[in-house]
Amino acid sequence: MAIWNIVSPVDEKIRKKLCAGDSISLSGVIYTARDAAHKLLVEALAAGTPLPFELRGQTIYYMGPTPARPGQVIGSCGPTTSSRMDAFTPALLAAGLGAMIGKGERSAEVREALKKHHASYFVTYGGAGALLATTVRKAETIAFPELGAEAIMRLEVEDFPVIVANDTRGGDLFEEQIAKYRRR
Amino acid sequence: MREIDVKDITQAVARLAQKTNTALGDDLLEALKKARENEASPIGREALDRLIDNVRVAKTQNLPLCQDCGAPIVFLDIGQEVHFTGGDLNASIAQGIRQGYTEGYLRKSIVAQPFTKRLNTGDNTPPIIHFEIVPGDKIKIGFMPKGGGAENMSRLVMLKPGAGEQGIIDAVESTVKTAGGNACPPLVIGLGIGATAEKAMIMAKKALLRPLGWPSSDPENALLEKKVLERINKLGIGPLGMGGTVTALAVHAESRPCHFASLPLSINLQCHSARHAEVVL
């Protein structure tokens with residue numbers, strides 16, 4: 001299991017080299033989107049209206065932060081459960097989304113779509129929102145401010161820690177690691 | 001009779017909301033450190049290291065432990081000698097939540113209408129309040145911010161009475177397995193056994209308030225807790241579902257008499273950031 005320093009958006013050539021279980025120190029730009037924003041993004045795709053950011057190759061982080069205190073870049077900002085976004089994900093992958101960051105397992109449909117579109121699913125540390133906040137250098141709301149914590153934000157991160165959960169060839173962190181420690 | 005001004009309740013609730021969201025209980029932190037020693041998986045140990053570090057960062061940087069500052073659940077045990085003055089008790093609790101979540105820069109995660117507009121109420125109200133009347137002239141206010149990820153994985157199972165202890169263990173195992181990493185393990189597992197459907201759910205939630213890992217005072221419950229914990233930690237799910245030997249930190253079971261046709265089992269999963277605190281007025 002390799003250790004990588006990678007820039008986001010993550011180039012397709014690099015995505016193809018990543019293996020489930022690899023650790024990544026991710027730096028660069030990521031966009032946040034949760035349930036409500038996903039619904040709006042997929043509706044925009046279906047209607048053929050422009051998206052609030054160019055999706056191709058980008059990384060989406062399933063996260064809604066706490067409000068920043070004065071002087072803070074962002075509040076606590078850990079991942080939310082990815083499976084709630086499963087229904088929307090294949091459409092976003094088909095439109096060019098390159099990687100996602102969240103927590104927990106994905107559906108069979110999403111795992112298939114990841115292979116088909118050479119995209120990656122990363123997990124980060126659920127419940128470590130304070131720690132993850134220390135890696136965010138810049139945060140700005142770029143769309144749907146009316147959604148509050150569910151608005152889409154553009155984040156610039158430095159050494160944001162993730163683990164490859166599903167790679168482009170069907171490798172699955174959960175399947176492999178859980179099988180290793182299962183005792184019944 | 002003793003009079004308590006509801007304004008004191010507002011202040012106490014506001015303080016509890018901020019305290020629980022930024023400082024993890026010592027019992028939890030110790031359990032995470034012990035889990036770190038026992039965890040067999042390197043990825044699992046790394047995850048636990050980060051979670052332990054998160055507790056430090058939250059404290060030093062004045063940040064909430066988790067971005068999900070939860071649905072606000074208030075447990076109010078009221079001594080029957082107490083008389084409330086100065087306003088509406090329910091409103092005073094809601095005001096405490098509003099104040100605590102706003103002044104504490106906590107995330108507001110409550111939407112007003114659950115299945116249509118889902119507009120955020122903007123102040124994390126209304127709280128869920130569980131009242132209980134107890135002897136005496138004091139009140140005990142417990143507060144638990146409950147994260148959506150863990151709550152979503154909770155379950156009520158109306159078992160057949162013949163299912164017995166084995167049926168309970170199997171149902172908890174299946175629930176935890178389905179939850180995988182979604183509920184942010186290592187978990188604290190609350191079980192409410194017996195009573196009726198709605199009461200079992202509240203018992204399971206209240207079981208989570210017990211100091212971590214204290215066995216039930218009922219020897220049969222205590223034995224069940226041990227058996228369930230052993231079984232869960234064989235699942236291999238591990239910290240944050242990334243594989244490992246520590247899937248649960250503790251199991252807390254409460255039981256009550258029930259109808260002879262029933263065996264209600266409520267399973268309330270709590271994440272590793274098992275935030276709760278209480279104060280007595």
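These values consider heavy atoms only, across backbone and side chains, with no hydrogens, waters or symmetry-generated copies. So you know, we letter chains A, B, ... as the sequences are listed, proteins then strands, and number each from 1.
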Do the side chains of A:D35 and B:R118 get nearer than 4.5 Å, heavy atoms only?
->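 In short, these two side chains do not touch, never coming nearer than 4.5 Å.
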Are any non-hydrogen side-chain atoms of B:Y105 and A:P70 less than 4.5 angstrom apart?
-> yes
Could you tell me which portion of [X] (side chain, backbone, both or neither) has an atom closer than 4.5 angstrom to a non-hydrogen atom of chain A?
{"X": "B:P239", "answer": "neither"}
{"X": "B:N152", "answer": "side chain"}
{"X": "B:E230", "answer": "neither"}
{"X": "B:I43", "answer": "side chain"}
{"X": "B:C69", "answer": "side chain"}
{"X": "B:S41", "answer": "both"}

Looking only at atom types and distance, does a side-chain atom of [X] sit under 3.5 Å from a main-chain N or O of [Y], one as donor and one as acceptor?
{"X": "B:R107", "Y": "A:A149", "result": "no"}
{"X": "B:Q67", "Y": "A:T80", "result": "no"}
{"X": "A:K103", "Y": "B:N182", "result": "yes"}
{"X": "B:D53", "Y": "A:L131", "result": "no"}

Top contributor to chain B interface from [options] [non-hydrogen pairs under 4.5 Å]:
{"options": "A:G129, A:P65, A:P67", "answer": "A:P67"}
{"options": "A:S23, A:G126, A:G104", "answer": "A:G126"}
{"options": "A:A36, A:G21, A:G64", "answer": "A:G64"}

Matching residue for A:Y181 among B:L235, B:V246, B:T247, B:T245 - test: side chain to side chain contact (heavy atoms under 4.5 Å, CB included) | B:T245
So which of [options] has the largest heavy-atom pair count under 4.5 angstrom toward chain A?
{"options": "B:C271, B:G244, B:G148, B:A58", "answer": "B:G244"}
{"options": "B:L65, B:N233, B:N120", "answer": "B:L65"}
{"options": "B:C184, B:S273, B:G149", "answer": "B:C184"}

Between [X] and [Y], what is the shortest heavy-atom contact and its length?
{"X": "A:A133", "Y": "B:L63", "value": "CB-CD1, 3.9 Å"}
{"X": "B:G104", "Y": "A:R69", "value": "O-NH2, 3.4 Å"}
{"X": "B:L51", "Y": "A:A128", "value": "CD2-CB, 4.1 Å"}
{"X": "B:C66", "Y": "A:S76", "value": "C-OG, 3.3 Å"}

By a 4.5 Å heavy-atom criterion (distance strictly below it), what part of A:A68 contacts chain B: side chain, backbone, both, or neither?
-> backbone
Can you tell which part of A:E146 gets under 4.5 Å to a heavy atom of chain B, answering side chain, backbone, both or neither?
->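 Neither part.
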Side chain to side chain contact (heavy atoms under 4.5 Å, CB included) between B:L240 and A:V123: does it pass, once the steps are laid out?
-> CA-CA 9 Å; B:L240 302 178; A:V123 286; over 6 Å; no
Find the distance between CD1 (A:I163) and CE (B:M242) and round it off to the nearest 0.5 Å.
-> 4.0 Å
